[in-house]
2 protein chains.
Amino acid sequence: MPSPLEKARKNPDSNKARILSAARRLFGEYGFQGTTTRMIAKAVGIDISTLYYHWGEKADLYEAVIIDLNEGIEAQFKVIERLARGRNLADRLDIAIDVMCDYLHDTPDVSNLLLLGYFSKSKTEVRLDEKVAGHIANIAIAMGLAIDKQHVTPQAKARIMTLWNAVLNFISGESFFRPILGVDKTAYLDVVKETLKVTLIPAFTGRYSDNGSKIPENQ
Amino acid sequence: MPSPLEKARKNPDSNKARILSAARRLFGEYGFQGTTTRMIAKAVGIDISTLYYHWGEKADLYEAVIIDLNEGIEAQFKVIERLARGRNLADRLDIAIDVMCDYLHDTPDVSNLLLLGYFSKSKTEVRLDEKVAGHIANIAIAMGLAIDKQHVTPQAKARIMTLWNAVLNFISGESFFRPILGVDKTAYLDVVKETLKVTLIPAFTGRYSDNGSKIPENQ
DNA sequence: TTGATAATCCATCAAATGATGGAAGCATTA
DNA sequence: TAATGCTTCCATCATTTGATGGATTATCAA
């Protein structure tokens with residue numbers, strides 16, 4: 001039997017799918033508490049009860065949004081892994097930053113939702129942490145910093161978090177940070193990419209100060 | 001005539017001050033939308049109407065919280081400036097990271113509130129961006145990267161944002177990131193400081209070249 | 001003490017919000 | 001056509017939430 005999400009994806013023009021899409025955008029913009037079911041229904045152009053018919057209560061819809069979003073991220077990790085295979089560490093990081101920045105910039109709700117999930121404590125908590133732990137480990141593996149999920153050092157994890165969070169911050173906070181930087185919309189993405197690469201790639205390619213044993217480049 | 005904030009600070013045991021304090025904690029934890037005036041009143045142990053008597057409508061209370069918070073941050077910048085004066089860049093950054101991490105870790109609402117301000121779009125927007133622009137410029141000056149607020153290059157701004165955001169992310173997201181790192185509460189702060197220093201100080205002390213492929217040499 | 005000012009609480013309101021029941025419309029198939 | 005199941009909308013409810021008016025109590029100077 002197909003899950004509700006698969007059903008919605010199969011027919012992107014259905015109301016069910018359009019509700020999910022609007023919910024994603026609005027939850028990302030205003031957060032869980034700041035988004036009302038009426039706002040979502042109005043954005044789609046349907047009655048509120050249709051929304052409840054398809055997705056159940058608000059928290060269930062939110063959960064569907066989070067699951068959908070995480071699958072999108074995981075798909076991007078696969079893209080990165082494919083493009084980065086066989087390169088050296090600096091090139092892999094370069095590719096990862098490019099791909100992730102482009103992806104998140106094209107789908108702005110994703111980074112908003114993730115950050116809100118990290119920092120805002122809502123009463124209806126949707127489990128997100130083990131997903132993030134998985135993302136961190138995936139990046140570590142894709143970057144060749146670990147053989148498998150069980151062998152990622154805390155140091156590597158912390159460095160990846162720094163990079164991952166920096167990407168999310170810059171993309172999600174564009175409307176906030178861009179005026180401060182004083183660059184236009186098209187230049188912003190380039191400035192961000194360049195800054196992330198220059199500031200953070202050396203943190204991985206340079207020597208690891210604590211253990212001194214950088215994980216060898218096992219292609 | 002004293003401002004409401006000065007009045008509240010003068011008498012920290014007054015209900016007015018206790019409301020501000022509880023509001024700060026709860027707004028930081030649940031965000032503007034997720035916090036109700038009843039929650040705040042209950043935390044203080046007073047009737048809701050007393051809250052309205054002292055602070056007016058909810059948005060006004062929130063604004064008072066933000067102003068209070070920004071003054072605390074600016075005070076910390078002064079501390080950093082005093083401690084860092086006369087040192088070299090690497091030492092200044094080291095001090096700045098230590099002082100800011102300690103301060104934010106002791107007052108967890110601050111980083112939460114700032115991040116929520118960056119990323120969550122509420123209908124009742126309180127101006128925060130020019131404050132942040134000021135913070136960025138202050139750091140730039142304190143670090144000796146610029147003579148005055150008018151002469152901070154976009155590159156320097158972007159690097160400072162990366163550092164500043166990284167601090168906020170790690171402190172505010174402790175409950176989220178610490179289990180992933182698998183360290184205990186006391187060790188977390190040290191891991192964070194160490195990671196920030198190792199990964200980000202070279203971004204400032206190294207060359208500001210645009211190819212970014214070089215690894216800094218010093219310390 | 002008295003009188004004015006400040007602070008607090010009780011009761012209440014209007015609007016917003018999450019959620020549901022049931023009737024009506026639509027589509028597919030027998 | 002008739003029957004069945006899926007989808008949509010209207011009307012409505014119970015709570016929650018922001019906010020206020022008015023009565024009551026505390027504070028304190030004259």
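Chain A is the first sequence line, chain B the second, and so forth, proteins listed ahead of strands; every chain is numbered from 1. None of the values given here were measured: they were computed from a predicted structure.
An OP1 or OP2 oxygen of C:dA7 is reached within less than 4.0 angstrom by no side-chain nitrogen or oxygen of B:Asn15. The phosphate of C:dT8 (OP1 or OP2) has a side-chain N or O of B:His54 nearer than 4.0 angstrom. Taking side-chain N and O atoms only, A:Thr37 has a distance below 4.0 Å to OP1 or OP2 of C:dG18. Distances shown here put a side-chain N or O of A:Tyr53 below 4.0 Å from the OP1 or OP2 atom of D:dT7.
In this structure, B:Ile136 CD1 and B:Met161 CE are separated by 5.0 Å, a value rounded to the nearest 0.5 Å.
Distance B:Lys58 NZ to D:dT20 P: 14 Å, rounded to the nearest Å. In this structure, CZ of B:Phe32 is placed 12 Å from C1' of D:dT17, rounded to the nearest angstrom. We find that CD of A:Gln33 is positioned 16 Å from C1' of D:dG18, with the value rounded to whole Å. Between the CD1 atom of A:Ile48 and the P atom of D:dA14 there is a distance of 17 Å, rounded to whole Å. Between the CG atom of A:Asp47 and the P atom of C:dA19 there is a distance of 15 Å, rounded to whole Å. Taking atom CG on A:Asp60 and atom P on C:dT20, their separation rounds to 10 Å, with Å as the unit. The CE-P distance, from B:Met39 to D:dT16, rounds to 13 Å in whole Å. Atom pair A:Leu51:CG and C:dT20:C1' shows a separation of 13 Å (rounding to whole Å applied).
In the model, B:Asn138 has no side-chain atom that pairs as donor or acceptor with a side-chain atom of B:His135 under 3.5 Å.
The A:Thr36 side chain lies nearest to C:dT17 when the options are D:dT17, D:dA19, C:dT17.
Looking at heavy-atom distances under 4.0 Å, B:Ile46 makes contact with sugar-phosphate atoms alone, never a base.
Each of A:Gly56 and B:Arg38 has a nearest nucleotide on DNA chain C; the 5'-most of these lies closest to B:Arg38. Residues B:Tyr52 and A:Ser49 both approach DNA chain D. Their nearest nucleotides, taken by heavy-atom distance, put A:Ser49 toward the 5′ side.
The heavy-atom pair separating A:Phe119 from B:Asn169 by the smallest distance is CZ-OD1, 3.1 Å.
Note on A:Arg24 versus A:Asp109: salt bridge recorded, some NZ/NE/NH1/NH2 to OD/OE distance being below 4.0 Å.
The ring of A:Tyr188 has its center no closer than 6.0 angstrom to the ring center of A:Phe177.
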